[in-house]
Every structure is written in structure tokens, then in C-alpha cells.
Colleague: 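Got a structure here, written out as C-alpha cells. Questions coming.
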Amino acid sequence: MKGKIGCWQGAGLMATTLLGTGVFILPQLTIEAAGNGALIAWALLTAAIIPITLVFGRLAGAFPHAAGPAYFVEKAFGQSAGRTIGLMFVLVVPLGAPAAILMTFQFVNELVALSGWFQVGVELLLLCVLFFLNQKGIQVSAKMQFMLTLGVVAVVVGLFGSVGTNIGDIKRFTTHIEADINSIAIAASIAFWSFLGVEAMTHLANDFRNPKKDMLPAMMIGTVLVGLVYLGCTLLLLLVPTNSGVAMVGVINQLFGGYGAQIIGILGIASGLATVNVYTASVSRLIHSFSHEGVLPQYFSTLNGSGLPARASNTVLVVMACVIVMTYMTGQELDDLISWTNGVFVIIYLASMLAAGRLLSKGYWPLVLTSCVLCLVLAAALGTNMLYAVCLLFVLFGGLEWRKQHNKRRQAALA
């Protein structure tokens, strides 16, 4: 696959991936969990995610590969460990992406109230949009998502310009914050969803024209910008209380005199699709890589006329559709899907940071250590929701090790 993405297009991909479904929802959820302590949660999480982004960006620039974290872990700790991380990513995206689609549907409901199978139908229709986007290549999405990022930032800046709040009001929220550690930890564990996507960019390293030069700045620009947007949205919700179901809709209605549902609805739907689109592209490239290595069926090794792993991406979208239908039929809670997904990504992040400790120079060790501590803190905050990820880790690693030993015994017998 020949790279076509530049630094600013990559920054747009990074930003919209992280803003995604949560930009107009997560600030509201963190305030419900921690009050104005949510500002601390967002500030700490943004500061803590920067070392992780730096490490991932350096790894992706130095070792560009479609397998991303799985490749880094394999180089550091061996084949079974790397493939375990890769398969965890493959298995969690069909779980997390439908959760993102379900969150995106909340914005659809702001425009048109739907329920039941009509809701499921629209969610499946959103996946059809992703199908056509994936046929065009990630460079088309990169240009669109860069413009989308500018649109989201423009709305947030415009809202601040309309607040008419003096410095004293802002100081009141930033100097008298309820610093309850437990509630801030809960808010941070919710907010972590917003930064899922840092690792997904590493799968797209070969889609960049010059990954060694452009990956790190693109990822850093996107991450810092996203942290500022989330902090801004959280402060806005504290300054402009509202009873609206989607609080940002109420804020826009108050400050712009209406059109909140239309503005947030359109931006929310586009951002949600952008996030799922990047994950679909990332996991399809990983599946394509694994099919060449014999981990997954050879069926996925074929590229289409545009040089894209269309079979892999189409299969991922079909699985997502099945999960959406099953989620509706079983009445599964969205919060569970989010928490289980977060747990898997905590392990992927931690394994990648440990791999960086072996692969990168000693100058990166402080960043690696800081990142590992953050992962452990987030794991503790998730509590029992980590069980799904831990069980998945042991089952996959055990299965791969058994397969490796079985193949060794068979080869020895043949010899």
C-alpha cells in the first residue's frame, strides 16, 4: 500500500478519531460523575496521554507496520505475545465500534426520533456509509476528517465567544473544584474512551507518505487539540447549565438562539462515523497482515484494485452489523460495551508501552514508565470491568502457545 497521507491530514484523522462519538457526550457524563472535578479529570488525562502518544508516535515512525501494537509487542516479547495483542484488537473492534455507532445514534435522535427496529435499520445504514468510504481509501477520509476537525473546533470557539462570561466566573469553577479522588478517578475512566484511537493510528503508518517524519507530529497535534476541545466543552457545560438530554444541544440553543439539534446532530454523526471508519481501516490492515502470517485465513490476504484490504474491511463491517442486531435483541447496556472495550485497550496500551521499553532508546524510558503507571491506574479505576480483558488475554495467549508447541511436536515427529 503506497502512502498518500501527509502530516496535517494525519492530524485530522487523529483528532476526529479521538473526538469521535464522545466530543458532545463524554463531558456531560464526566460532570455527572465528578461535578466540576471533571475539569481535573480531563486535565490529568490529557497530560497523561501525551507520553503515551509520544511513545506510540515514535514506535510507528521507527517500525511502520500494518499490525501496529501487535508488531511492536512481537519484536519485543516474541510471536505469541504479539499475536495475542493483535487478536485482542481484532476481537475488540467489532465490540467497541458498535458501541460507537450506538453513541452516534443519540445524535440521529436529536434530528429524528426513532426507536425499535427503525433505530437498528438506521444504525446499519451508517455502516453502509462506512462501506463506501472504505472502498475509496483512507486518504479520502483523511481530507474530509481534517475539515470536520476544523468544524468542531470552530463550533467550540464560537460557543466560548457567545458565553459572555467574565474571568471571575471562570475562576470560580477552576479555583473551587470538588477534588474528590474517587469521583475524579471514575470520571477519568469514563473519559479514557475519548483517547481510544491513539494506537489505531499506528496501523496506518504505511498510509503516510513519510511515516518517520510525519507520524509523531500528526499524532501530537491531534492529541493536544482534542484535549483542549474536551476541556473547553466541559467548562462550557459548567458555565451554561441545561436540562437537555444531550447537554451540548441545550448550550447551543441558549447561546445561538436555537439550531442546537441540527448543529450537534450533524457534527456528532460525522464525528462518530469518522471514528468507526478509522478503526475499520486499522483492523482490516491488521487482519490483512495476519492472513499473510498464517494467523488468520488466507482469504483476507487479497487486496482490491485500489490496493486496499477490502475483504477484511467488509468482513469487519458485517460482524459489526451482527453485534448491533444482537445488542438490540438482548438488551445489552451500552455502558457495559464501553467498559469492556476500555479494559481491552488498557492491556493493549500497557503491552505496547512495555515493548517500547525494549525497542526504544533509554531516553524514552521516563515516558514509558509514566505511561505504564497511567495504564495501571486506569485498570484499577475500571475494577471488575477488566475481567473480560484479562480472560481474553489468557485464553488467546494460552491458545497460541498450545498451537506453537503442538506444531513443534508435529514437526519433530515428521523429522
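If you're wondering where the values come from, they're calculated on a predicted model, not measured in any experiment.
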Colleague: Can you find a pair of side-chain heavy atoms, one from V155 and one from I252, that are under 4.5 Å apart?
Modeller: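 Side-chain contact under 4.5 Å: yes.
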
Colleague: Which heavy atom in Q298 sits nearest to a heavy atom in S291, and how many Å separate them?
Modeller: OE1-O, 3.3 Å

Colleague: Going from CG on L303 to CZ on R311, what distance comes out if it is rounded to the nearest 0.5 angstrom?
Modeller: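 Interatomic distance, L303 CG to R311 CZ, rounded to 0.5 Å: 10.0 Å.
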
Colleague: Say you draw a straight line from CD of Q28 to CG of L236; how long is it, rounded to the nearest 0.5 Å?
Modeller: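 Going from the CD atom of Q28 to the CG atom of L236 covers 13.0 Å.
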
Colleague: Taking the side chain as C-beta and beyond, is there a heavy-atom pair between I287 and T315 under 4.5 Å?
Modeller: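 Answer no - side chains too far apart.
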
Colleague: Supply the atom-to-atom distance L396 CG to C391 SG, rounded to the nearest 0.5 angstrom.
Modeller: 11.0 Å

Colleague: Identify every side-chain donor-acceptor pair in residues 352-373 under 3.5 Å, counting partners at least two apart or on other chains, and give the distances.
Modeller:
residue	atom	partner	partner atom	Å
S352	OG	I348	O	2.8
R358	NH1	A76	O	2.8
Y364	OH	R58	NE	3.3
W365	NE1	G357	O	3.0
T370	OG1	P366	O	2.8
S371	OG	I52	N	3.3
S371	OG	L367	O	2.8

Colleague: Less than 4.5 Å apart, any side-chain heavy atom of E293 and any of R83?
Modeller: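 The answer is yes, as the side chains (C-beta and beyond) meet within the 4.5 Å cut-off.
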
Colleague: If I compare all heavy atoms of I186 with all of A33, which pair ends up nearest, and what's the gap?
Modeller: CG2-CB, 4.1 Å

Colleague: Restricting to salt bridge (charged side-chain N to carboxylate O under 4.0 Å, His left out), what partner residues turn up for K212, sequence neighbours left out?
Modeller: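 Scan of K212 (salt bridge (charged side-chain N to carboxylate O under 4.0 Å, His left out), adjacent residues dropped) gives none.
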
Colleague: Within this structure, what is the CZ-CZ distance for the pair R403 and R410, rounded to the nearest 0.5 Å?
Modeller: 9.0 Å

Colleague: Using every non-hydrogen atom in the two residues, find where V316 and T280 come nearest and quote the distance to one decimal.
Modeller: CG1-CG2, 4.5 Å

Colleague: Just verifying a value: how many Å separate Q411 CD and K408 NZ, rounded to the nearest 0.5 Å?
Modeller: 9.0 Å

Colleague: Do F89 and E199 come close enough that some side-chain heavy atom pair is under 4.5 Å?
Modeller: yes

Colleague: Say whether, by atom type as modelled, one donor and one acceptor occur between the side chain of S289 and the main chain of R285 under 3.5 angstrom.
Modeller: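 Judged by distance alone, no pair lies under 3.5 Å.
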
Colleague: Got M386 and I347 here, is their nearest side-chain heavy-atom distance under 4.5 Å?
Modeller: yes

Colleague: Supply the atom-to-atom distance I49 CD1 to L54 CG, rounded to the nearest 0.5 angstrom.
Modeller: 11.0 Å

Colleague: Using the rule given for side chain to side chain contact (heavy atoms under 4.5 Å, CB included), can you reason through F72 versus I85, listing the C-alpha separation, both sets of side-chain angles and the distance that settles it, and then say yes or no?
Modeller: CA-CA 10 Å; F72 310 147; I85 295 300; over 6 Å; no

Colleague: Side chains of I25 and M248, heavy atoms from C-beta outward: is any pair under 4.5 Å?
Modeller: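 No, too far: nothing below the 4.5 Å cut-off.
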
Colleague: Could you check L91 against V344 for side chain to side chain contact (heavy atoms under 4.5 Å, CB included), going step by step and ending with a plain yes or no?
Modeller: CA-CA 10 Å; L91 293 174; V344 173; over 6 Å; no

Colleague: Checking Y388 now: which residues fulfil ring pair (Phe, Tyr, Trp, His ring centres under 6.0 Å) with it, not counting sequence neighbours?
Modeller: W340

Colleague: Name all pairs fulfilling the ring-ring contact (aromatic ring centres under 6.0 Å, His included) condition that reach into residues 289-309, sequence neighbours left out, sorted by first residue then second.
Modeller: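 Found H288-H292.
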
Colleague: Parallel, tilted or perpendicular for Y71 and H65, by the 30°/60° rule?
Modeller: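 Parallel.
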
Colleague: Could you tell me whether the side chain of L59 reaches within less than 4.5 Å of the side chain of T202, counting heavy atoms only?
Modeller: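 Result no, sub-4.5 Å side-chain heavy-atom pair not found.
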
Colleague: According to salt bridge (charged side-chain N to carboxylate O under 4.0 Å, His left out), who are the partners of E32, at least two apart in sequence or on a separate chain?
Modeller: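 By the salt bridge (charged side-chain N to carboxylate O under 4.0 Å, His left out) rule, E32 matches no residue at all.
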
Colleague: Check step by step if side chain to side chain contact (heavy atoms under 4.5 Å, CB included) holds for F208 and M215.
Modeller: CA-CA 8 Å; F208 279 73; M215 279 296 298; 3.2 Å; yes

Colleague: Of all heavy-atom pairs between L267 and G151, which one has the smallest distance, and what is that distance?
Modeller: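 Of all heavy-atom pairs spanning L267 and G151, the closest is CD1-O, 4.4 Å.
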
Colleague: Classify the ring geometry of Y349 against F345: parallel below 30°, tilted from 30° to 60°, perpendicular beyond 60°.
Modeller: perpendicular

Colleague: Once side chain to side chain donor-acceptor pair (under 3.5 Å) is applied, do any residues pair with S284, and if so which ones, sequence neighbours excluded?
Modeller: none

Colleague: Would you confirm whether T223, through its side chain, and M220, through its main-chain N or O, come within 3.5 Å as a donor-acceptor pair?
Modeller: no

Colleague: Any heavy-atom pair between the side chains of V122 and Q119 that's under 4.5 Å?
Modeller: no

Colleague: Check the pair L296, L87 against side chain to side chain contact (heavy atoms under 4.5 Å, CB included), reporting the backbone distance first and the verdict last.
Modeller: CA-CA 9 Å; L296 294 175; L87 289 174; 4.2 Å; yes

Colleague: Which pair of non-hydrogen atoms, one from T30 and one from A191, has the smallest distance, and what is that distance?
Modeller: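 Heavy-atom minimum between the residues: CG2-CB, 4.1 Å.
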
Colleague: L216 and G57: which non-hydrogen atoms are nearest, and at how many Å?
Modeller: CD1-CA, 3.8 Å

